[in-house]
Amino acid sequence: MELLVNSGSPVSSSGRRSSFRNDFLCYGLTELINKMMPFLLLPVMARVLNPAEFGHVAMFETLHAVSLVVVSLGVSGAIKVFYFRYPGDEFARFLGTLIVLSTLFSLAVVALLLCLPELQRWLLIPSSWVALAVVAALAEAINVARLTLWQVEQRPLHYGGYRVAQTALNMGLSLYLVLPLQLSWQGRAGGIAVASVLFALLSLVLMSRERRLHIWPFTGVHLHSILKFGLPLIPHGLSAWSRTGIDRLLLSAFAGGALVGSYAAAFQISLVLFTLGRIFRTAWEPRMLRALADHDPASLLQLTRLFLLLWLIVAALACAVAVAAEPICRLMLGSDYPDSPQLLYWAVIGQAFLAMKVADVQVMHARRTAILGWISLLTTLLHLVLGYLALRHWGVVALVQVSALTFLLGFMLTQLAGQICAPLPYGAAVGIRRCRS
């Protein structure tokens, strides 16, 4: 069987499988290096920073991540969907409009946060660092745009080199600011922000030179498309990060910064499962969108089987990390974080459900992102209410158990929505065939 790709040249199914394996290896190596550097930095930071200082870093990272979801307006998904629908110059204007809107949203977020002094107290960081976290989020949104363009163009080496270089600068600056200059948590937060801003400037230059970005003029059609696509994705994107942020805010308000640090350290270890899901998703997502657009049954069947394999691998790893939580925490964190092992046990289960949640791509392909927004709103509100009750009545472990429960609910509802919007052949993938009358 042969397929026609955008270039018009035929590609055999075996060549397609080979290309997928090569891209998976390249993206996989990129994500592994990119996530292993912060993971390897964790034992250093855990021994230099006490749990309270680690809690300050965790709150800065949470605000940075949550702000990124809000100000980016689903930049990655928007590029992946509209790249194949708009010709070159029109897409460049579309991307310029997206970046202008992201800038305006970031200014609005800064203004809102600075008007909420009580929230700043819960965040554990001064107002100047609150503003810096949002600025760094806008910069990261621009970097995501640059990376996503390389992803849809299937240029994994460019993608990988850029991501690894930014992370290396982030880690190098953090080590320099924390160790020789002894800037404590401000050094780690400053390394994150400076690396994001410097690479954002480089991203703007590269996209402008490649004529991928035209800031002016922009049209009402693009504005409407971006808002219609991106606004419903804000609660969806916030569902994972906001629940982590909710946990940290609740801990900060009712348990203190030291417990925030212990929770954040355990959560950092549990991200190994999210990393596995990210590796897989980065490699297959463009092919998934293309297969859905082309109604290619063979590709969809192959991808569905890969999803099932991913679920098995993630479940096995989650069980292994949960069983070995205590020695893992002792090795990675030392003796100053006694609460982390029991938190890691449940955190890794929640991350497993997040790593397995791949059906949102089917919903985005159908451009029914409002469904994802409602699912995320439901699970986030449930997390907030149950998390508050759990922390007040049963303690921090119950809070993390609630987190795992809401991640499971989000996974199940998103899977159901994906099968309604753009069904995948899960029955055929496991050998179940429909009976023909």
Side-chain angles (χ1 to χ4, degrees), residues 65-66 68-85 94 98 101 105 144 148 152 222-246 274 277-278 280-282 284-295 300 303-304 307-308 310-311 350-386 403-427 429:
V66 171
L68 174 60
V69 174
V70 175
V71 306
S72 68
L73 291 170
V75 59
S76 180
I79 290 175
K80 289 169 184 174
V81 170
F82 290 96
Y83 177 85
F84 299 104
R85 300 182 183 182
F94 172 86
L98 180 56
L101 278 176
F105 268 62
V144 170
T148 306
V152 296
H222 295 155
L223 184 65
H224 178 264
S225 296
I226 292 168
L227 292 176
K228 183 179 179 181
F229 182 90
L231 287 179
L233 286 178
I234 290 178
H236 171 64
L238 285 174
S239 63
W241 283 112
S242 67
R243 282 180 232 162
T244 305
I246 287 171
F274 178 76
R278 172 96 184 197
F280 191 85
R281 188 183 184 112
T282 305
W284 64 256
E285 192 170 13
R287 287 173 169 78
M288 178 73 174
L289 289 167
R290 187 183 296 273
L292 287 169
D294 295 341
H295 305 286
L300 292 175
L303 287 166
T304 304
F307 295 165
L308 296 174
L310 170 69
W311 293 351
Q351 287 299 306
F353 292 125
L354 183 61
M356 293 190 291
K357 192 173 73 171
V358 294
D360 54 340
V361 177
Q362 298 158 250
V363 183
M364 285 190 285
H365 164 75
R367 288 185 286 177
R368 298 175 67 180
T369 51
I371 296 175
L372 298 177
W374 283 111
I375 292 173
S376 300
L377 180 62
L378 170 64
T379 53
T380 301
L381 289 176
L382 187 64
H383 187 155
L384 177 61
V385 174
L386 294 181
S403 177
L405 175 64
T406 54
F407 276 127
L408 170 60
L409 180 61
F411 165 74
M412 294 174 64
L413 291 176
T414 304
Q415 192 66 29
L416 176 62
Q419 288 302 99
I420 293 173
C421 294
L424 294 181
Y426 284 100

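Keep in mind that this is a model prediction, so the values were computed, not measured. Computation of the quantities below employed the complete heavy-atom set of this structure, encompassing side-chain atoms and omitting hydrogens, waters and symmetry-equivalent molecules.
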Atom OG1 in T379, atom CE in M412: separation rounded to 0.5 Å? 13.0 Å
Gap between atom CG of L101 and atom OG of S72 - 0.5 Å precision: 11.5 Å
Q419 side chain vs L424 backbone, donor-acceptor pair below 3.5 Å: yes
Nearest-0.5 Å distance that lies between atom OG1 in T406 and atom CG in L384: 10.5 Å
Quick check for you: to the nearest 0.5 Å, what is the distance between L372 atom CG and D360 atom CG? 6.0 Å
Mind checking the CG-CD1 spacing from L416 to I371? Nearest 0.5 Å is all I need. 9.5 Å
Got L413 and L378 here, is their nearest side-chain heavy-atom distance under 4.5 Å? yes
If I take atom CG from residue L409 and atom OG1 from residue T414, how far apart are they, to the nearest 0.5 angstrom? 8.5 Å
F411: what forms a ring-ring contact (aromatic ring centres under 6.0 Å, His included) with it, not counting sequence neighbours? W311
Within a strict 4.5 Å, meaning less than it, do heavy atoms of the Q415 and F307 side chains meet? no
Restricting to non-hydrogen atoms, name the atom on Q362 and the atom on C421 that form the minimum distance, rounded to 0.1 Å. O-CB, 4.2 Å
Scanning both residues in full, the closest heavy-atom pair of I375 with A417 reads CD1-CB, 4.0 Å
State, to 0.1 Å, how close L408 and F353 come at their nearest heavy-atom pair, and which atoms those are. CD1-CE2, 3.4 Å
For L386, give me all partners under side-chain contact (heavy atoms from CB on, under 4.5 Å), at least two apart in sequence or on another chain. L382, V402
